[in-house]
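First up is the structure itself, then whatever we jot down about it.
When a ligand or atom number is given, it counts from 1 through the structure's own listing order. Starting from 1, each residue takes its place in the sequence as its number.
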Amino acid sequence: MIIKPMVRNNICLNSHPAGCAASVRRQIEYAKKTLAHEDNANAPKLVLVIGCSNGYGLASRIAAAFGYGSATVGVSREKAATENHTATPGFYNNLVFDKEAAKAGLVSKSLDGNAFSDEMKTETAQAIREAAAAAKLPAKIDLIVYSLASPVRTDPKTGVMYKSVIKPIGAPYSGRTLDMMSGTFITASAEAATEEEIFNTVKVMGGEDWELWMEALANEGLLSPDTRAVAYTYLGPELSWPIYRHGTIGKAKEDLERACREINKKFFSAGTSAEAEGRRFPSGNGGMPPNGRAWISVNKALVTRSSAVIPIIPFYVSVLFKIMKEQGLHEGCIEQIARLYQDKLFRPGCTDKAAVPTDTDGRIRIDDWEMREDIQWAVYETMEKTTPETVLANTDILGFRHDFLEAHGFDVAGIDYSADVDLSGEGI
Ligand SMILES: NC(=O)c1ccc[n+]([C@@H]2O[C@H](COP(=O)([O-])OP(=O)(O)OC[C@H]3O[C@@H](n4cnc5c(N)ncnc54)[C@H](O)[C@@H]3O)[C@@H](O)[C@H]2O)c1
């Protein structure tokens with residue numbers, strides 16, 4: 001079958017296996033080149049990535065496996081191909097990841113199912129034990145990456161399904177954004193969320209499920225005093241706050257930060273006696289202070305399957321990319337995560353959790369280049385002055401569109417899109 005992208009309302013409905021494979025392989029090469037060096041003694045050896053198949057989660061897994069040689073277990077929810085429809089991009093990404101890992105002699109296990117369910121947590125625990133045995137490692141996870149982005153979640157205790165919404169709180173929102181495929185301006189509007197919609201969005205994208213994961217992994221004996229955990233958030237510039245930070249998603253992300261504090265209190269010695277109260281582990285690590293901790297990492301705005309549907313993102317990110325590329329500061333998911341590992345979480349020669357650089361709220365900031373004052377000023381001024389006639393000159397809408405298509409395996413250099421494709425992904 002010949003596959004062309006099918007895009008509706010900034011959502012791409014299909015994917016290309018060969019393009020997905022090439023994109024994963026490009027990230028693998030970057031991870032090898034950037035992270036694999038001698039002084040990696042404190043790098044993680046056994047890694048769990050929840051939401052491993054796309055975007056930031058995929059990059060986190062690739063960086064750990066191919067940068068550090070970690071054994072990885074990944075969880076994501078994908079759809080295989082049918083007779084006349086492609087699989088989801090994550091399906092192909094997992095396939096090629098496992099294939100490349102096997103070639104490189106790395107242990108990898110990819111689980112496909114609902115990460116919000118109790119069953120998937122139990123299945124994952126078993127996969128971690130198997131991965132540890134195969135890699136001849138103790139069955140203790142060194143790094144847990146929580147990188148889910150989902151529109152729905154069923155509460156495993158009550159069976160109630162919740163749907164998240166991207167809406168402002170308190171007042172309606174209306175703002176200019178770009179239609180990615182046509183490059184024309186459109187007005188994105190959203191009514192203010194109801195109390196129920198806010199609650200539901202927090203249920204889906206807040207921290208409850210992360211806490212349940214940590215609890216399940218602790219009960220399975222898979223955490224150690226040195227386990228590190230990280231979940232991703234976005235803060236963004238003030239102009240996006242009405243729809244993002246001060247909206248329903250922002251409330252959910254506040255809850256993720258609450259969960260981070262709870263996880264630290266419950267499972268890790270966080271440094272002070274007050275925080276250490278109630279922690280699960282006695283001081284450990286052969287007399288050394290434990291190095292485990294949970295962090296929130298604030299990441300840069302990037303084009304992923306999830307971010308493209310947030311109203312202001314296509315316009316803001318198109319301008320941001322233009323400015324950051326001009327300044328030589330542009331990064332994609334793999335570059336961001338390589339920096340997260342190398343400069344923050346696993347700085348060479350530095351095993352002390354207290355030495356992980358954070359802001360005053362304890363968050364890791366890899367959105368630091370995006371949020372630089374000069375960058376933000378330039379973005380703001382450019383957004384203000386951009387008209388329908390100057391979209392191509394003032395923004396990197398073409399780069400945005402490319403990244404969006406690439407996240408689905410399209411528009412990838414070197415791929416013959418006129419060639420017949422085996423939808424199953426076998427042979428990629
Ligand atoms: N994209 C950005 O610009 C950006 C910026 C900062 C922070 N973040 C955060 O990073 C995290 C990941 O976002 P992304 O943009 O990489 O998303 P993405 O859509 O690229 O990936 C989401 C992952 O979650 C998995 N997933 C979704 N529902 C699932 C379920 N029920 N069970 C198992 N797996 C499931 C998907 O399979 C996929 O692997 C989110 O918390 C997001 O808020 C994103």
Side-chain angles (χ1 to χ4, degrees), residues 11-12 15 20 23-24 48-62 74-79 87-94 97 110-121 123-124 145-156 161-164 166 201 204-207 209-210 212-213 230-237 240 244-245 248-250 252-257 259-260 296-310 312-314 316-317 320-321 331-334 336-337 340 363-367 370-371 400 403-404 406-408:
I11 294 173
C12 185
S15 66
C20 288
S23 179
V24 168
L48 168 63
V49 180
I50 303 158
C52 67
S53 64
N54 288 295
Y56 275 118
L58 174 63
S60 305
R61 192 179 189 196
I62 290 174
V75 181
S76 63
R77 189 181 213 178
E78 303 305 331
K79 278 199 187 120
T88 51
F91 180 90
Y92 298 130
N93 293 343
N94 287 341
F97 178 92
S110 301
L111 306 183
D112 192 339
N114 181 9
F116 296 129
S117 70
D118 290 342
E119 295 73 27
M120 185 45 71
K121 293 177 173 77
E123 215 182 294
T124 304
V145 176
Y146 188 83
S147 186
L148 290 181
S150 174
V152 290
R153 170 174 172 240
T154 300
D155 184 322
M161 192 178 83
Y162 296 93
K163 284 189 182 162
S164 66
I166 303 167
T201 306
V204 179
M205 285 296 288
D209 181 59
W210 188 23
L212 292 175
W213 268 102
V230 65
Y232 299 141
T233 194
Y234 182 63
L235 293 178
S240 69
Y244 194 89
R245 193 172 175 182
T248 48
I249 295 287
K253 291 298 190 186
E254 265 173 32
D255 189 67
L256 193 69
E257 298 206 26
C260 187
I296 294 287
S297 172
V298 189
N299 297 1
K300 177 191 180 189
L302 282 178
V303 189
T304 65
R305 298 186 81 209
S306 301
S307 66
V309 295
I310 300 172
I312 195 161
I313 287 291
Y316 167 72
V317 168
L320 179 75
F321 280 16
E331 296 172 300
C333 288
I334 191 69
Q336 276 267 287
I337 298 301
L340 170 70
R363 295 177 295 221
I364 297 172
R365 304 299 296 259
I366 49 171
D367 65 338
E370 170 185 352
M371 297 313 295
F400 187 102
D403 287 4
F404 177 77
E406 184 178 349
H408 299 83

Considering only the protein, which heavy-atom contact is closest to [atom], and what is its distance?
atom	answer
atom 26 (N) of ligand 1	Leu148 CD2, 3.7 Å
atom 34 (N) of ligand 1	Arg77 N, 3.2 Å
atom 27 (C) of ligand 1	Ala149 O, 3.2 Å
atom 8 (N) of ligand 1	Tyr56 CD1, 4.0 Å
atom 9 (C) of ligand 1	Tyr232 CB, 3.8 Å
atom 21 (O) of ligand 1	Asn54 CB, 3.7 Å
atom 14 (P) of ligand 1	Thr304 OG1, 3.7 Å
atom 5 (C) of ligand 1	Lys300 O, 3.2 Å

Heavy-atom contacts with [X] under 4.0 Å: which atoms of ligand 1 show up? List them by number with element.
X	result
Phe116	31 (N)
Lys253	40 (C), 41 (O), 42 (C), 43 (O)
Ala301	3 (O)
Leu302	1 (N), 2 (C), 3 (O)
Gly113	32 (N), 33 (C)
Ser147	11 (C), 12 (C), 22 (C), 23 (C), 24 (O)
Gly51	23 (C), 24 (O), 25 (C), 39 (O)
Thr233	6 (C), 7 (C)

Between [Y] and [X], do the side chains contain a donor N or O and an acceptor N or O under 3.5 Å apart?
X	Y	answer
Ser110	Arg61	yes
Ser60	Tyr232	yes
Asn299	Thr233	no

- Ignoring hydrogens and geometry, is there a side-chain-to-backbone donor-acceptor pair from Thr201 to Ile166 under 3.5 Å? no
- Item | Check: Trp213 side chain, Ala115 main-chain N or O, donor-acceptor pair, under 3.5 Å | yes
- Is Arg363 paired with Glu257 through a side-chain N to carboxylate O contact shorter than 4.0 Å?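 Salt bridge flag = yes for Arg363 with Glu257.
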- Test item: Val298 and Ile364 side chains (from C-beta on) under 4.5 Å apart, heavy atoms: no
- Query: Side chain, backbone, both or neither: which part of Cys52 comes within less than 4.0 Å of ligand 1 when only heavy atoms are counted?
  - Reply: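 Just the backbone.
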- Message: Parallel, tilted or perpendicular: which one describes the rings of Tyr244 and Tyr234, with boundaries at 30° and 60°?
- Response: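 Correct class here is perpendicular.
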- Item | Proximity flag Met120 to ligand 1, non-hydrogen atoms under 4.0 Å |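 Checking ligand 1 against Met120, which is what was asked, there is no heavy-atom contact under 4.0 Å.
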